[in-house]
K.L.:
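Next up is a structure, given as structure tokens.
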There are 2 protein chains.
Amino acid sequence: MGVKERREKQREELRQEILDAARTLFIREGYENVSMRKVAEKIEYSPTTIYLYFKSKAELLNCLCEETFAKLGARLEALAKDSPDPVEGLRKGLRVYIEFGLKNPSHYTVTFINHPLHHEGLGEEFAYEGSMGHKAFSYLSAAVGECVRQKKFRRVDVEATSQATWAAVHGLTSLLIVHPDFPWVARNKLIDSLLDTLIEGLKA
Amino acid sequence: MGVKERREKQREELRQEILDAARTLFIREGYENVSMRKVAEKIEYSPTTIYLYFKSKAELLNCLCEETFAKLGARLEALAKDSPDPVEGLRKGLRVYIEFGLKNPSHYTVTFINHPLHHEGLGEEFAYEGSMGHKAFSYLSAAVGECVRQKKFRRVDVEATSQATWAAVHGLTSLLIVHPDFPWVARNKLIDSLLDTLIEGLKA
DNA sequence: TCCGATACTTAACGCCGTTAAGTATCGTGA
DNA sequence: TCACGATACTTAACGGCGTTAAGTATCGGA
């Protein structure tokens, strides 16, 4: 019965080839400018072949995003583990989040910035629960909770604060990605300014 | 020489008709889902007629955005004038900004959320300097400066702080627009949480 | 040897933004 | 009065898009 397995393996290989091509292309060209036809051309198959492996452009690109955000999740998890001070851990985590977004602007754009037009028609696949983006948020939430528990922060509503904090760092990340030509102050100074304000504003 | 004037007037009328149709449509249907053909159908002209009045879809919609953000600018200006306490003025301004975005999601999306793909090919028209969005930012900047001058805020870098604050409120605004299905806490609570944190974090 | 599943392609549908080329209208100068 | 030329608008088309329907070639297994 080695035939089925070999076929399955080849199938998986082409699937990966498609993912690789798509990743390369839309990192280089930006999301909206990559068509299914271009991806197909890159792997030297006909455009319709892709639909035998992914049911839509949205699903194809969602797979890439999950993959990318899994990395962010891993990074945040590691950070959470070896940060004795939860406040410093939170600050570092927020910085990692922002820098991650800036280093993966295409994935970040698709996942968080764009309107979920692009997410339509993916049942379980882009539900917030279970998605890697959501997982990343849960680390933030845990960190804020820990700061409050240790009385480093004043007695804020943990969920509201986490959401507001996420929104704040998302705002900076997305503006830097989308409007790089705005006359920003130095990037590090800007990030520090936001993180300082947020954390000072939460301290006990 | 009344002929030229009458022609000019009629021309201006159709231009407004196009703008009105486009505004209505893309508020109702969302930006990306409105095609030039749909706008044309609504005004009962051929699609190409629009190009006699606007050189591209981007320009057409940019006109609408400028129009909308002029209103925000006016609101913020009024607010700045009759706010004796600059901290309260700033807080109110930030709230107005967020609520404005939530009330004009399509315009807000196009102007601040979407990648400037949509802004391409507009020379002066969407330069940051002079755009209404930029003007709105300048009110924020002035308010922060005033708070520092009156020693209500600690001695922060005004430009960096303004940019970071803008980023934060933009983040909340855009996330609420783009991901309305996320399990947010109550909207007002969320907004207050962010504004509290920001302003507490800046106070002297 | 032939069947049927599998893998892939060609052709097409109905959209899109935009442009080129054509036509009707109409005030104006001869 | 009539022909001209500007103006306003339309029809037809280009080249793209995501996606689907229908067709073909390949090949393991009965």
Side-chain angles (χ1 to χ4, degrees), chain A residues 1-18 21-22 25-26 29-64 110 114-122 125-126, chain B residues 1-18 21-22 25-26 29-64 110 114-122 125-126:
Chain A
M1 216 16 120
V3 171
K4 267 226 162 100
E5 287 163 20
R6 193 175 66 241
R7 284 233 241 240
E8 191 119 344
K9 211 180 101 187
Q10 280 188 359
R11 207 184 143 75
E12 193 50 43
E13 270 174 30
L14 181 47
R15 203 188 122 94
Q16 267 308 319
E17 222 176 304
I18 295 170
L25 278 178
F26 94 80
E29 322 241 342
Y31 206 78
E32 320 276 332
N33 305 317
V34 176
S35 65
M36 293 301 252
R37 285 167 171 86
K38 283 182 190 165
V39 176
E41 196 182 358
K42 180 150 182 110
I43 58 169
E44 297 184 287
Y45 282 80
S46 88
T48 49
T49 298
I50 300 175
Y51 288 88
L52 302 172
Y53 294 81
F54 300 92
K55 77 167 189 278
S56 68
K57 192 187 181 189
E59 185 187 298
L60 166 57
L61 298 161
N62 193 52
C63 283
L64 289 171
V110 174
N114 279 350
H115 206 271
L117 200 69
H118 304 287
H119 308 146
E120 267 167 19
L122 310 171
E125 260 119 4
F126 194 77
Chain B
M1 217 14 120
V3 172
K4 265 219 165 107
E5 288 163 20
R6 195 175 63 241
R7 284 232 242 238
E8 191 120 344
K9 210 180 103 187
Q10 281 187 359
R11 206 184 144 75
E12 194 50 44
E13 271 174 29
L14 182 47
R15 203 187 123 94
Q16 268 307 320
E17 222 177 302
I18 294 171
L25 277 179
F26 94 78
E29 322 238 344
Y31 206 77
E32 320 277 333
N33 306 315
V34 176
S35 65
M36 295 300 253
R37 284 166 172 88
K38 282 183 191 166
V39 175
E41 195 182 358
K42 180 151 183 109
I43 58 170
E44 297 184 286
Y45 282 81
S46 87
T48 51
T49 299
I50 300 175
Y51 288 89
L52 302 171
Y53 293 82
F54 300 90
K55 78 167 187 278
S56 67
K57 193 186 180 190
E59 185 186 298
L60 167 55
L61 298 161
N62 193 50
C63 285
L64 289 171
V110 174
N114 278 350
H115 205 271
L117 199 68
H118 305 285
H119 308 145
E120 268 166 18
L122 311 172
E125 258 119 5
F126 193 78

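Every chain is numbered from 1, with letters handed out A, B, ... down the list of sequences. All values reported here derive from a predicted model rather than from experimental measurement.
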K.L.:
Within the structure shown, what part of the strands sits under 4.0 Å from A/Phe54 by heavy-atom distance: base, sugar-phosphate, or nothing?
P.N.:
nothing
K.L.:
Working to the nearest 0.5 angstrom, can you tell me the gap between A/Ser56 OG and A/Ile50 CD1?
P.N.:
11.5 Å
K.L.:
Find the distance B/Leu52:CG to C/dT18:C1' and express it as a whole number of Å.
P.N.:
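In whole Å, C/dT18 C1' and B/Leu52 CG are 12 Å from each other.
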K.L.:
D/dA8 C1' sits how many Å from B/Ile43 CD1, rounded?
P.N.:
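To the nearest whole Å, that distance equals 13 Å.
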K.L.:
Below 4.0 angstrom from OP1 or OP2 of D/dT10, is there any side-chain N or O of B/Thr49?
P.N.:
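Checking D/dT10 against B/Thr49, a side-chain N or O does come within under 4.0 Å of OP1 or OP2.
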K.L.:
Could you grab the distance from atom CZ of B/Arg6 to atom NZ of B/Lys9, nearest 0.5 Å is fine?
P.N.:
9.5 Å
K.L.:
Do B/Arg15 and B/Cys63 have side-chain heavy atoms sitting under 4.5 Å apart?
P.N.:
yes
K.L.:
A side-chain contact here means heavy atoms from C-beta on lying under 4.5 Å apart; do B/Leu60 and B/Tyr53 qualify?
P.N.:
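No, every pair of side-chain atoms sits at 4.5 Å or beyond.
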K.L.:
Take the protein atom CD of A/Glu41 and the nucleotide atom P of C/dT9, then report the distance between them rounded to whole Å.
P.N.:
13 Å
K.L.:
Between D/dT10, D/dG28, D/dT7, spot the one nearest the side chain of B/Arg7, thanks.
P.N.:
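Nucleotide nearest to B/Arg7's side chain: D/dT7.
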K.L.:
When you compare the side chain of B/Phe54 with that of B/Asn62, does any pair of heavy atoms fall below 4.5 Å?
P.N.:
no
K.L.:
Honestly, is B/Lys38 close enough over B/Phe26, meaning NZ or CZ under 6.0 Å from the six-membered ring centre and within 45° of the axis?
P.N.:
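Judged by the rule (NZ or CZ under 6.0 Å from the ring centre, within 45° of its axis), B/Lys38 is not positioned above B/Phe26.
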K.L.:
Is A/Tyr45 near enough to C/dA7 that one of its side-chain N or O atoms lies under 4.0 angstrom from OP1 or OP2?
P.N.:
no
K.L.:
Quick check for you: to the nearest 0.5 Å, what is the distance between B/Glu44 atom CD and B/Glu17 atom CD?
P.N.:
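Going from the CD atom of B/Glu44 to the CD atom of B/Glu17 covers 9.0 Å.
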K.L.:
What are the residues of residues 9-18 of chain B, sorted by number, that bring a heavy atom to within less than 4.0 Å of DNA chain D?
P.N.:
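Heavy-atom contacts with DNA chain D come from B/Arg11, B/Leu14.
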K.L.:
Any chance you could list the contact pattern along nucleotides 15-24 of chain D? Use B for base contacts, S for sugar-phosphate-only contacts and - for none, protein heavy atoms under 4.0 Å, 5' to 3'.
P.N.:
--BBBBB---
K.L.:
For the atom pair NZ (A/Lys42) and CD1 (A/Ile18), what is the distance rounded to the nearest 0.5 Å?
P.N.:
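Answer rounded to 0.5 Å: 13.5 Å.
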